[in-house]
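Just so you know, residue 1 is the first one in the sequence shown, and it goes up from there.
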Amino acid sequence: MNTFQLKIIASNRTFFDGEAQQLVVPLVDGGSQGFLAKHENCVVPIDSGEMKITDAGGKEIPAYVGNGFLEFLDNSAVLVCISAELPEEIDARRAQEAKERAEEDMRFKQSQLEYYHSQANLARAMDRLKIKNRHNI
């Protein structure tokens, strides 16, 4: 079985540290990218959204990942991100409140920068809710 070493470091904890068969992450320019063992060396910016890890035993682990970057070097990947959460760790009520706040902020006249912040907050809240609802946990 082909595996690679994967370490996912969020701002508050080490989310994953072990062998993996596959990692799929959301990309900044849209879409997603998968990484398998012996992937070419690269550094990739990561957007917030759904991430999927297939561990060495073949178990698929879905999760929410916040913005960050992934470095794949010599069959070892390190992903550094703002946050990483399993579906059962996502607080649906809190995410719904964040979504409503962001929608309310977007209704008011704002500077362009404030608008983009509100838009990013809305996207993160919606991603969390989508992942939580998809995995019904």
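- In summary, E104 and R101 do not engage in a salt bridge, as defined by a charged side-chain N under 4.0 Å from a carboxylate O.
- For the side-chain contact (heavy atoms from CB on, under 4.5 Å) with I53, the lone residue among V65, V24, L23, L79 that qualifies is L23.
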Evaluate side chain to side chain donor-acceptor pair (under 3.5 Å) for Q21 paired with T54, printing each intermediate quantity in order. CA-CA 5 Å; Q21 293 179 19; T54 306; 5.9 Å; no

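- Salt bridge E85/R128: present, at least one basic N to carboxylate O contact under 4.0 Å.
- With sequence neighbours left out, H39 forms a side chain to side chain contact (heavy atoms under 4.5 Å, CB included) with Q33, F35, C42, F72.
- We find that R13 and E89 are joined by a salt bridge, their nearest charged nitrogen and carboxylate oxygen being less than 4.0 Å apart.
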Chi angles and distances behind the side chain to side chain contact (heavy atoms under 4.5 Å, CB included) call for F4, S76: CA-CA 6 Å; F4 61 95; S76 180; over 6 Å; no

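- Hydrophobic clustering (ILVMFWY, side-chain heavy atoms < 4.5 Å, transitive): M126 and V25 are in distinct clusters.
- Under the 3.5 Å distance criterion, with hydrogens and angles disregarded, no donor-acceptor pair is assigned to the side chains of Q112 and H117.
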Are E50 and D127 close enough, and set up right, to give a side chain to side chain contact (heavy atoms under 4.5 Å, CB included), and what steps lead you there? CA-CA 7 Å; E50 186 169 12; D127 284 339; over 6 Å; no

Walk me through whether I8 and C81 qualify under side chain to side chain contact (heavy atoms under 4.5 Å, CB included). CA-CA 8 Å; I8 300 174; C81 58; 4.3 Å; yes

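- Criterion: ILVMFWY side-chain heavy atoms under 4.5 Å apart, direct or through other members. Under it, V44 and F16 are part of a common hydrophobic cluster.
- Inspection of the Q5 and D17 side chains reveals an N or O donor paired with an N or O acceptor under 3.5 Å.
- A donor-acceptor pair under 3.5 Å links the side-chain atoms of N67 to the main chain of S48, judged by distance alone.
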Please walk me through it: do L86 and I61 pass side chain to side chain contact (heavy atoms under 4.5 Å, CB included)? CA-CA 8 Å; L86 295 169; I61 304 166; 3.6 Å; yes

